[in-house]
Each structure stands twice: as C-alpha cells, then as structure tokens.
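Quantities reported herein were computed from a predicted structural model and do not represent experimental measurements.
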There are 2 protein chains.
Amino acid sequence: MSLTHAPAGAVRQGSLRELNLALVLGRIAAADRPPSRADLATATGLTRATVSAVVEDLLAGRLVSESDPAPRSGAGRPARGLVLADQGPAGLGLEVNVDYLAVCVVDLAGQVRHRTVHRADLRPVAPADALARLVEMAGAAREDAARHGLTLVGAALAVPGLVDDAGLVRLAPNLGWRDVPVPALLAEHPPLVEQVPGVPALTVDNEANLAALGELHSQPPGPSSFLHISGEVGIGAGIVLDGALFRGVRGWSGEIGHLPVHPEGRPCRCGGQGCLEQYAGQEAIVAAAGLARAELPADTATARLAELAEAGDANALRALHDAGTALGVAVASVVNLLDLDTVVLGGGYAALAPWLCPPVLAEISARVLTAAWSPVTVRPSRLGAEAAAVGAAGSVARRIVAQPAGWLARSG
Amino acid sequence: MSLTHAPAGAVRQGSLRELNLALVLGRIAAADRPPSRADLATATGLTRATVSAVVEDLLAGRLVSESDPAPRSGAGRPARGLVLADQGPAGLGLEVNVDYLAVCVVDLAGQVRHRTVHRADLRPVAPADALARLVEMAGAAREDAARHGLTLVGAALAVPGLVDDAGLVRLAPNLGWRDVPVPALLAEHPPLVEQVPGVPALTVDNEANLAALGELHSQPPGPSSFLHISGEVGIGAGIVLDGALFRGVRGWSGEIGHLPVHPEGRPCRCGGQGCLEQYAGQEAIVAAAGLARAELPADTATARLAELAEAGDANALRALHDAGTALGVAVASVVNLLDLDTVVLGGGYAALAPWLCPPVLAEISARVLTAAWSPVTVRPSRLGAEAAAVGAAGSVARRIVAQPAGWLARSG
DNA sequence: CGCTATTTGTTCAGCGATTGAATTATTTGC
DNA sequence: GCAAATAATTCAATCGCTGAACAAATAGCG
C-alpha cells in the first residue's frame, strides 16, 4: 500500500544497468529453483535480450554460475539454470558475547562455509584483547575461505549492546563495555577483508538486530516482517519490516527488555520500574525457579531450565509460565502497535520455547484487538546460539547481492 | 545504515525518465525556496542538460511553473525559480467521523484549497446515507476546485476504524460500522475524480494513519520519523518511519489504545485488561475529572476539560495528570521499541497538550534507556481537528509528486 | 559606457543500455 | 524425419543521459 520509493540518488545512465544487475541477481537469490534466463525475463519484466546481457555480466564477475537445468516437461530447447556462485565474494561475521567469541563466513547463497566458536568468559578481558583474539580467529577463517575460492569483502561485528553510527559501542552492560571505539581498535590490526566499492569494510551492530537478520535470511524463506526476540541476560529484539531491519532514528530500536510490563513493579537497573527484563530475563527466571545462581554459569542456565521443565519440575514450570506471561504482555504491545503476524523466540528463548509459547499466545489472543481476524505465529528461532554471527556474515553477503555493481567494477 | 532499495519492478528504458521526473519534482517539493535548474542539478547529481529536459516535461505537464527567482547575490545570469503549480492535479480528502463529515482539497504544494465541514451526529445514520452526504459535499468541492484550475485525481477517505486492503471497513466501533464495503457503496454514485494512471481513484484508511500523514506533510517540514497519537474516544496512532507511513502486515498498525499499561487493571471492551484507552481515553478522563457524561456531547468534552484545567480545577488537573502518566507508559514502550525522537499529540490531545506533555515526558525519561543520550520531543499537532481529512487529500497529492509519470502520460 | 567575470540555461553530437524482431539452437512428439 | 515448442543470441533502432560548447543575462569595475 505504500508509495514506491525512488532510489535515493540520481538515476544516471549507468544506474540503469546497476539496477538491473541487482534486480536479476536478487531474483536468482530469491528463487527456490535455478531459474533460466527466460524465467528471469518473465519474472522481472525485462526482455530476454536484456536478461541475457545482464546475466553475461554476472557470469563474467563470478557472482552466478550455470547449473543443471530445472526439470521441465514438454518440448523445446532445455534451459540452463542459474545459481549464485559458491565461489567469489563472501561475508565475515564476528561476535563478541559474554561467554564466547564467534567467527563465521557466509557465501552469497547464505550458506555457512566456516564457523569457529571460542568459549571463554569475556567479562574480565579488555575490549582490545577480546578484539585481538577475534582478529586471530578471523585470519584463520579467511585462509579457510580462500581454500574454498571465497574472498571476504566485508565484516560485521555483533555485540550485546548499544552501538552508534560510527561503530562506537556506547554501552554493553553485560560485557562491561562502555564507549569502546571498535573501528579504531580493529584498525591497528592488518585488514581482515578486501575492499569492495559499496561494501563497508566493517560494520558494528547490536546482536539482537543481526540475529534477526540471520533469521530473515535463513532457509526456507519465512515472512518478510516479524519480531525476533533474543532472550539472554538482557532481552533485545530485532524488528524486521518488509524484509529490512528497522533500526530507528539513532539505531537503538528493539529495546523490548525495558518495556514496562508492571509500571509500578520491580525497579530495573535502567532506572525504570517493572521492565520486562525484571520478569522474563534469564536471571529473573532462574531466581523464580529457585535455582542458586552461584552454581549456574550464564551459558548453562537455559539448558538447566529446559532440563528441569522437561522433567516436570513445578518451580521451573511456574517460573517459565510467569516469564512467558510477562513476555506476552510486551509482545501484545508490539503486535498492537506494528501489526506483525510472526514472533520468533531466539537466543536463550529458543530452547525454552515449548514452555514460553503457550502463555505468550494466551496474552496475545486476550490483548490484541485484531488477533481474531488473523492469528499470530510464535515460534522458536531456526538458527542456534550463533544466529548473530551468521546474521552478521549474511548481512555482508546480502549487500553484494543487493548491490553487485561494486564487486563487478572491482573484478573487471 | 540500511541497504538502498532498488525499485520494486524492472528498470526499463523509460523508467529512467520516470525516476528522474520523480526525483526532480520531489526536490522542487522539498525545497524551501524556489530552486533553479542549476540548483536542482547540483542537488540531484544529474547534469544541467538532463535537468533542463526533465523540467521541460514538468512545465509542459503543468506540474511546476516558473516563478520569481530566489534572491541571490553576486554576478551571473539570474535564475528562474521553479515551484509546484497552483493549478493542475489535486487530491480530495474525505472524512467520516462520529460527529462530523469533512471534505477538503489539497494541491500539489500541500496547500488546503477547499474545506467543508458538516457537523452532525453520524452514529444513527446508515453508512450508505453518510457516504451519500459526503459525495454531495465532494461534488461541490470539485466544482470549487475546478474554478481554481484544479483537477481532482484521487480521493482518500478517513474513517475511525480498522480498514482492510480492499477498502472494507471491518470495524469502526464508535461509529457503529461493521463490514461496510465503502468502495462498492461509492461506486453507485457518479465518479468523484478523474482517473489518472498510477493513482487509485479511492483509498480508505484509518483516521489516525491519515492524520499522521497530514502532520508529516505540514509546513514547515518536521522530522521524517515520529509517532502521531490521535486521542479521541478511542486512541489511535500513526507511525511514520523515514517519511513513510508504516501500516503493518495487514494495515492495522498503531492500535496504541490497547497497549496494556496496567496488565491486571480495568477490563476493556476489546477483551483485554488495563488497556491505555481505559486510562487515557476521552471517557476515562472525563469520568476521572468528575464530569457528568450526559451533559457533555463528545465534541465538547476536550474543550470543557481544557477550560477547567485552565481555571485550575483540581479534579481536572489530576485527571489529566493521571491520563498523561498512563499515556507516558505507553509512549515509553513505543520509544524503547522504535527509537523515535518525536511524539506528536493530535486529535483531542492537541488541546490538552499543556497538561499531558509533562507527565508523558516524565515517564519517558524514567523508562527509556536511551533518553539520556538524546531527548525525545513531545508536542501538540499543528493541524487542527481535520488533520485526517487534510492528510487524506495530501496523500493523494503526494502520490502525484512521487509518481508524476502517470499524470504526464494523461495530459500529453 | 564598455569590458570582464560569473552564473544560468540550451544545443548537439556521442554513447550506453534497452528494445523487439529475426535468427539460431535444441529438444519433444508425431 | 519433420513440425512444434522453448531457450538463448544477434542486431539495427531508439531512448535518454552526458559533456562540452555556446548563448543569455547580470554585477562589478575602471
């Protein structure tokens, strides 16, 4: 229903080809079967002649390759199928979290081609040292990628905190980071990726945002608008609207953990009262289940909760039900506000989804005016704990698909 | 930070001109002074030759006209200023509300060129009859517009309720409408507007959404992302993100009135509990202020409240403060979620803003994590009660600006 | 008053990309 | 073996942008 947006800048002569390169490549990426040139022509509205010319450029630039034709019945010359190349540009995903470092490489098709996780408590580690370790892991990842014919063209770093436009980590409370200038710190190491026009060498983003992007680009394709909630010690959300992450005016959207669910309730360290985090955060659930915190390292708390709930432990079940109800109140607010029909429970919530979903759905159906006309789906995330790193790498790869001209200009 | 979006469809030969027509016209519309062709060339990145050719088309199509040059110091041939034409296409805005019908005409520049309001209690009137009256008013508006050289190219109707994609009014509780097929009812009358390719003859939308669009296009230009809250008997919100209305998956976004602000609080007719509407809706404020409802027609309730508050009536002041606090809890949720920096109080709230803003701001600063880094502005709406009708008409006019090719194809 | 510098706007040959029709390539079905 | 059908390419024509040259109009200055 919204007005079609014109491209932001001028539409110059050459832009025409750039736009059609992106259009055709995007179609190839979105197709569930390798499309032929003729398929692309009918799907895009371009003529076959134009599609052939565009595809020739894409083949020359090694962004797509020809594959076995999609099976077809009837007479006629057989088609040649087109698929995203499994060699060529790829994205590097980095993640610093409370209890692990992760690095991964994702290719154009969204496949994870490399993954390394290094478990360690990062809270006592200085930011510069944590990043240095990450750089070391990334170096190994790059070599591995090169052996598969992949060239890293950009990196994205996920951190559990607020990041500003310049990549400065303003505040990552659970990590103990404050005002960490990530790009400057990484600039002291040799460059991780090859520069490509139109692809930033490094972006830094909130973990919840990148996890949502990971979910968006996971296979098979899901809805293009949804809410992705990362339930860890803090609770963050990534809001995907019409296939694009919504970042807000300053990039700080999705702070669902501080939605007031009991306005006169428990005080929160954010200064507010009755924030969701105080009722559905990891620590709150653990406390409500009667577990001693000392004997529960952060990274096993959800596993332990799931175990207890599976075994029918009454305290754990009650704690999860109450957390789910609080979460449902917050989710009902979001759905009333944004009219989304899909909510994905990610991070630590993914493993607890069997117990969280019912109370969340109950609150939604009780509190959302339009739920009667169209149901809301609540389901666990597809990707595991490393959704953010995969989403980070994927966001780089997607950028090449969305703007192939930069890569093509580079490789001649 | 977001990826630049390519146009949805194919970029064909002629699309290039279409896009540049929209680009140049958009610049003329956005400029605060009449720009010259040279200004447009530097602003858009196109060459002066291209801009001249594009402007020639726009002049021929009567979408822009030449005006006195913008004052400039220094030597050189004087520029010819370009402004949006005050004759040519215009949008028709229609509104059915509980206690009035409104019709208005807005030209390309966003100026209101005609306005008619007909006060009446519409609740006992059948939808078909209400629409028939509106058509009659629209006929007069069209004649008046024609005398000013304006051609109506599309109509938008604002209703206080939920509307689906096809224009069916699923539910307008305060009006007593349910499943009213507006397009079909209007099709029985002679057409209101001239058909132009790319401009729908009629769109039906929620009043809160269109009021937000009215605010977006009001002069002088404000922020491109904000929340607009229409506080009437019900409370609706229009969410504007990056200069575009966000409608949600099914077009039912902005139901802020049913955000739970006291999850275990008063039951709401929506079936939920503790909805904002029960604490900050018109009826709730009136009741809290101790006013007898019988002696207060809906359309004077807010005026009476403002009067009492102005006079220092303790009950009214307390009622407004409590309502503002409840509203602030809901607004804090929205700001945490979407990271907006501007909240506009519209509808009945506009007149009550002096008393509502302080408690709203207090809740925001207490509950929004990022408020410390960047303040949130809360202010009353600029447009009056007919914001929705003006926004409706303006949305049609803006569509011509965004897609001038359709109009130009029509008028040769 | 006349000259120069400066800025605006137009003209025009050139060029890149799309277009549509014709052509070639390759397979199925009779 | 031949006709029909579908895929992909070739090529002259056309559309719209480009860049440079040119014409128009004014202020500043001697």
Side-chain angles (χ1 to χ4, degrees), chain A residues 6-7 9-24 28 33-60 64-82 404-405 408-409, chain B residues 6-7 9-24 28 33-60 64-82 404-405 408-409:
Chain A
V11 185
R12 305 178 65 98
Q13 178 81 211
S15 319
L16 215 150
R17 193 49 168 280
E18 280 183 29
L19 292 169
N20 282 334
L21 283 166
L23 180 70
V24 170
I28 295 173
R33 261 187 279 252
S36 67
R37 291 165 176 77
D39 292 337
L40 293 170
T42 55
T44 61
L46 297 168
T47 61
R48 289 197 305 264
T50 304
V51 170
S52 275
V54 167
V55 166
E56 194 176 7
D57 281 5
L58 294 174
L59 285 169
V64 307
S65 55
E66 294 191 325
S67 77
D68 289 339
R72 175 180 53 81
S73 66
R77 170 176 166 175
R80 272 178 284 172
L82 297 167
L408 294 177
Chain B
V11 185
R12 304 178 65 96
Q13 180 78 221
S15 319
L16 215 147
R17 193 49 167 280
E18 280 184 30
L19 292 169
N20 282 334
L21 283 166
L23 181 69
V24 170
I28 295 173
R33 262 187 276 254
S36 67
R37 292 165 176 75
D39 292 337
L40 293 170
T42 56
T44 61
L46 296 167
T47 61
R48 288 198 308 257
T50 304
V51 170
S52 275
V54 167
V55 166
E56 194 176 5
D57 281 5
L58 294 174
L59 285 169
V64 307
S65 55
E66 294 193 324
S67 77
D68 288 340
R72 176 177 54 81
S73 67
R77 169 176 168 175
R80 273 178 284 174
L82 297 167
L408 294 177

dist B/E66:CD -> B/S36:OG (nearest 0.5 Å) comes out at 11.0 Å
Selected nucleotide, minimal atom distance to A/A38 side chain, candidates D/dA7, D/dA25, D/dC17: D/dA7
So do B/L46 and B/L23 actually touch side chain to side chain, heavy atoms under 4.5 Å? yes
side-chain contact (heavy atoms from CB on, under 4.5 Å), that's the test. Do A/T50 and A/T44 meet it? Break it down for me. CA-CA 11 Å; A/T50 304; A/T44 61; over 6 Å; no
When the distance from CG of A/L16 to P of C/dC15 is rounded to whole Å, what number comes out? 19 Å
A/L408 atom CG is separated from C/dA17 atom P, nearest whole Å, by 12 Å
Regarding B/S36, tell me which of base, sugar-phosphate or nothing describes its non-hydrogen contacts under 4.0 Å with the strands shown. sugar-phosphate
May I ask you to evaluate whether A/S52 reaches the phosphate of D/dA8, defined as a side-chain N or O under 4.0 Å from OP1 or OP2? no
Answer with base, sugar-phosphate or nothing: what part of the nucleic acid does B/R48 contact at a heavy-atom distance below 4.0 Å? base
To the nearest angstrom, how far is A/L23 atom CG from C/dA17 atom P? 16 Å
CG of A/L40 versus P of D/dA7: gap in Å, rounded? 11 Å
Is the phosphate of D/dA7, meaning OP1 or OP2, less than 4.0 Å from a side-chain N or O of A/R80? no
Look at all strands and tell whether A/A49 reaches a base, only sugar-phosphate, or nothing, counting heavy atoms closer than 4.0 Å. base
Starting at atom CG of B/L59, determine the distance to atom C1' of C/dT10, rounded to an integer number of angstrom. 14 Å
Considering heavy-atom distances to DNA chain D, does B/T47 or A/E56 have its closest nucleotide positioned more toward the 5' end? A/E56
Over 12 non-hydrogen atoms of neighbours within 6.0 angstrom of CD in B/E56: no
Atom-to-atom span, CG of B/L21 to P of D/dC15 - whole angstrom: 16 Å
In whole Å, what is the span from the CZ atom of A/R37 to the C1' atom of C/dT19? 19 Å
Mind calculating the distance between CG (B/L19) and C1' (C/dA17) to the nearest angstrom? 15 Å
Applying side-chain contact (heavy atoms from CB on, under 4.5 Å), run through B/V51 and B/N20 and close with a yes or a no. CA-CA 9 Å; B/V51 170; B/N20 282 334; over 6 Å; no
Does the side chain of A/N20 get closer than 4.0 angstrom to OP1 or OP2 of C/dA17 through an N or O atom? no
Nucleotide of C/dT27, D/dA25, D/dC17 approaching B/P78 most closely (side-chain heavy atoms): D/dA25
Could you check whether the side chain of A/R77 and the base of D/dA7 have a donor-acceptor pair of N or O atoms closer than 3.5 Å, going by distance alone? yes
